[in-house]
Amino acid sequence: MKGNKVKLIIATIKPFKLEEVREALTGIGVRGMMVTEIKGFGSQSGHTEIYRGAEYAVNFVPKIKLEIVVSASMADQVVDTIKSTAQTGKIGDGKIFVLDVAQAVRVRTGETDADAL
Ligand SMILES: Nc1ncnc2c1ncn2[C@@H]1O[C@H](COP(=O)(O)OP(=O)(O)OP(=O)(O)O)[C@@H](O)[C@H]1O
Ligand SMILES: [Mg+2]
């Protein structure tokens, strides 16, 4: 159905928080997510180094990246749940980004947008 908008939530979290965040998200009705092991840096953990005139970022820290597509009406609740579950209060707790999704399709049926979830 057109106009049944969906959002993409990209979140980085500390790896040891993955299971707790997954449980909290399934508890509020999230039905799918992508999980990737990544390395990254935020405001403290990376610094730059000059090597042969070019600047390189060093000291990448392992993180888990979550990509979650949900109906737009659920997005705030998903953000709040990740925020409260992944938070330790120490540096490096992660980031959450929310993006509009132009289209989602369920391959098996051809359903689109929120019906595709
Ligand atoms: N501006 C950004 N763009 C894309 N990814 C980012 C950005 N900032 C941080 N990240 C990702 O989030 C991860 C965690 O970053 P982190 O939580 O350390 O951010 P921070 O801004 O340094 O905040 P904090 O003060 O809590 O450490 C990084 O490893 C990286 O993967
Ligand atoms: Mg940081």
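Both counts, for ligands and for their atoms, begin at 1 and track the order of listing. Atom set for the values below is all heavy atoms of this structure, side chains included, hydrogens, waters and symmetry mates excluded. Numbering starts at 1 and runs along the sequence shown.
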With heavy-atom distances below 4.0 Å as the criterion, list the atoms of ligand 1 near Asp93.
17 (O), 26 (O)
For ligand 1, the portion of Phe60 having any non-hydrogen atom under 4.0 Å away
neither
Are any of the N/O atoms on Lys39, whether in the backbone or the side chain, positioned under 3.5 angstrom from an N/O atom of ligand 1?
no
Going by distance only, is there an N or O of Lys95 that falls short of 3.5 Å from an N or O of ligand 1?
yes
Taking only heavy atoms of Gly40, which atoms of ligand 1 are found under 4.0 Å from at least one of them?
28 (C), 29 (O), 30 (C), 31 (O)
Geometric N/O contact Val61 with ligand 1, under 3.5 angstrom:
no
Nitrogen or oxygen atoms of Gly94 and ligand 1 under 3.5 Å apart
yes
Taking side chain to side chain contact (heavy atoms under 4.5 Å, CB included) as the test, write out the residues that go with Lys90, two or more places apart.
Lys14, Thr88
Judging by distance only, is a nitrogen or oxygen of Gly92 under 3.5 angstrom from one on ligand 1?
yes
Distance filter under 4.0 Å to Lys63 heavy atoms, resulting ligand 1 atoms
14 (C), 29 (O)
For ligand 1 and Ser43, I'd like to know whether there is a polar contact (N/O to N/O, distance under 3.5 Å).
yes
Is it true that Asp100 and Lys7 make a salt bridge, defined as a side-chain N closer than 4.0 Å to a carboxylate O?
yes
